[in-house]
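In the text below, chain A, chain B and the rest are named by the order of the sequence lines, each starting its count at 1.
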Amino acid sequence: MKKKKLATVSLAGCFGCHMSLLDIDERILDLVELVEFDRSPINDIKKFTTRCDIGLIEGACCNEANVHTLIDFRKNCDILVGVGQCAIMGGLPVMRNAIMHSDDPLRECLDEAYLNSKYVYNPSNEIPNDPALPLLLDKVYTCPQVVKIDYQIPGCPPSGDMLWRALTALITGTHFQTSYEYELIKYD
Amino acid sequence: MNKSVVFKIDGVEVTATPGQTIMEAADEAGIYIPRLCDVEGLDPQGSCRLCTVKVNGRSVSSCTQPVVDGSEVENNTLEIQCYRRDLVRMLFHEGNHLCPICEASGNCELQAMGYRLGISKATKFPYLQPVRPVDASHPDILLDTNRCIHCGRCIRASASVDGKHVFGYIGRGIHRRVGVNAENLAKTDALLEDKAIASETCPVGCIIQKRNGFCTPVGKREFDHEPIGSSIENS
């Protein structure tokens, strides 16, 4: 069987879902028999070298670089899978949208992080604004709000077993959502 | 008058006593009908509509509808399960339900209903991300209305069991939320021992007992191994 091409990326997330991918342990040897990693932090390839069959997205979109990356993944992947709570419903990054109870949550978030908190040491009293920094979005957007997502694997992070089950189902062309077991799928 | 009522749920014959609701009869027969606003010990409210079944082709909430002799009830059909899935999805989307940071995770009935109904496909609704208050004023109790699903269980428990009327609805429509009958929770007469505060009353993580969070390890929480409703199905 021809090897499938697999790409992965982390947007606004904690890389926990990628860590969880490593939790498939020795089955990663089986995985590399089935797939060839393209753009991914696993092999440190930073740009697509070819069109991929499967793209795994971890994290939400909190800056414009995240949006460009996500759109790039949608263009270059046949199947796009949202992995983890951040990709699906915003996870922890999305807390800055509403839970801060502010009329201007982004401004308040930055003020708290760089200026007002009593634990911050910031002699310049400036919020970082280097042109090299990606522009922050007004709020955090989930992946399905930006592009079409074909499948989603809930969890924070999904377990290695869950990722293994989902990946092998996608690679072999079976409908993986019917293969979920109760204890594998968790939202937390 | 005491003659028993016989009706069918998904083709299975169920015998009930007159005056019982469809849900009560189904529970006794070991048939689980999903529900969120109904809980044992409180009057049914029929508001979450998750327990909607079809009786002779008409949709009714099974927690409030009395059994009718000879009726045919549809419960576990594809059409009704799809409605239930959408209802649970909408509850997730209307509040700020962030399972990874919620103390009720693993014991949450909304989350467990998501598992039971198999909600794992990409969503078709927008996340509303409403701005809702958190009341941490009480020394023992936290009220986080971001997680409230408006089941009214705390309201009914406080009124009919505790006799305190601590909780009530504020606002209308999409802006409705649970509020307290004072400036904040600390200024009410709510106590940790109240039925309204008991962990089995609030189905989600809206009413939280302080200093009690995350005390059950993953794997030993209520819905870690068996779907919600298993206790009824296995009885």
Side-chain angles (χ1 to χ4, degrees), chain A residues 13-14 16-17 57 60 79-105 139-145 147-159 162 165-166 175-188, chain B residues 85 88-89 91-108 110-136 144-147 204-205 214 216-230:
Chain A
C14 69
C17 298
I57 304 284
I79 298 171
L80 208 54
V81 185
V83 181
Q85 284 286 336
C86 299
I88 296 168
M89 57 186 293
L92 297 201
V94 88
M95 288 179 72
R96 85 158 148 96
N97 288 9
I99 299 183
M100 296 183 67
H101 304 126
S102 162
D103 293 333
D104 191 358
K139 61 178 191 172
V140 174
Y141 293 85
T142 64
C143 291
Q145 284 178 286
V147 296
K148 179 178 180 288
I149 297 288
D150 299 301
Y151 296 106
Q152 50 189 36
I153 307 174
C156 185
S159 65
M162 181 71 209
R165 179 72 64 90
H175 187 56
F176 77 77
Q177 278 170 333
T178 56
S179 64
Y180 282 157
E181 283 171 20
Y182 180 76
E183 290 182 39
L184 273 186
I185 175 169
K186 292 289 170 210
Y187 299 164
D188 58 351
Chain B
R85 226 168 266 149
V88 172
R89 276 201 186 100
L91 287 173
F92 267 106
H93 286 241
E94 277 182 10
N96 294 309
H97 296 283
L98 300 169
C99 299
I101 57 154
C102 181
E103 294 181 35
S105 193
N107 302 315
C108 169
L110 178 68
Q111 188 190 52
M113 204 58 78
Y115 295 150
R116 183 177 173 108
L117 299 174
I119 295 175
S120 55
K121 286 184 183 166
T123 180
K124 59 182 175 183
F125 303 117
Y127 285 104
L128 299 186
Q129 294 164 352
V131 176
R132 292 190 189 157
V134 177
D135 184 346
D144 184 349
T145 54
N146 287 287
R147 302 164 182 166
V204 289
F214 305 107
T216 314
V218 173
K220 293 191 172 177
R221 300 169 308 178
E222 192 175 355
F223 304 116
D224 274 341
H225 301 294
E226 287 203 313
I228 187 169
S230 296

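- In this structure, the portion of A:K139 lying under 4.5 Å from any heavy atom of chain B is its side chain and not its backbone.
- Checked by atom type and distance alone, the side chain of B:Y115 pairs as donor or acceptor with a backbone atom of A:Y187 at under 3.5 Å.
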Going through the checks in order, is the side-chain contact (heavy atoms from CB on, under 4.5 Å) test met by A:M95 and B:I101?
CA-CA 10 Å; A:M95 288 179 72; B:I101 57 154; 3.7 Å; yes

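- Minimum heavy-atom separation, A:V140 to B:Q129: O-NE2, 4.4 Å.
- The main-chain N or O of B:H225 is never found under 3.5 Å from a side-chain atom of A:Y182 such that the two would form a donor-acceptor pair.
- Heavy atoms only, all atoms of each residue included: B:D224 and A:E183 are closest at O-CG, 3.4 Å.
- The candidate with the highest count of non-hydrogen atom pairs below 4.5 Å against chain B, out of A:Q145, A:K148, A:K186, is A:K186.
- Closest of all the heavy-atom pairs between A:G91 and B:L98 is O-CD2, 3.7 Å.
- When each of B:S105, B:G118, B:G219 is checked for heavy-atom pairs under 4.5 Å with chain A, B:S105 comes out on top.
- In plain terms, the two heavy atoms of A:D188 and B:C99 that are nearest each other are CB-O, 4.1 Å.
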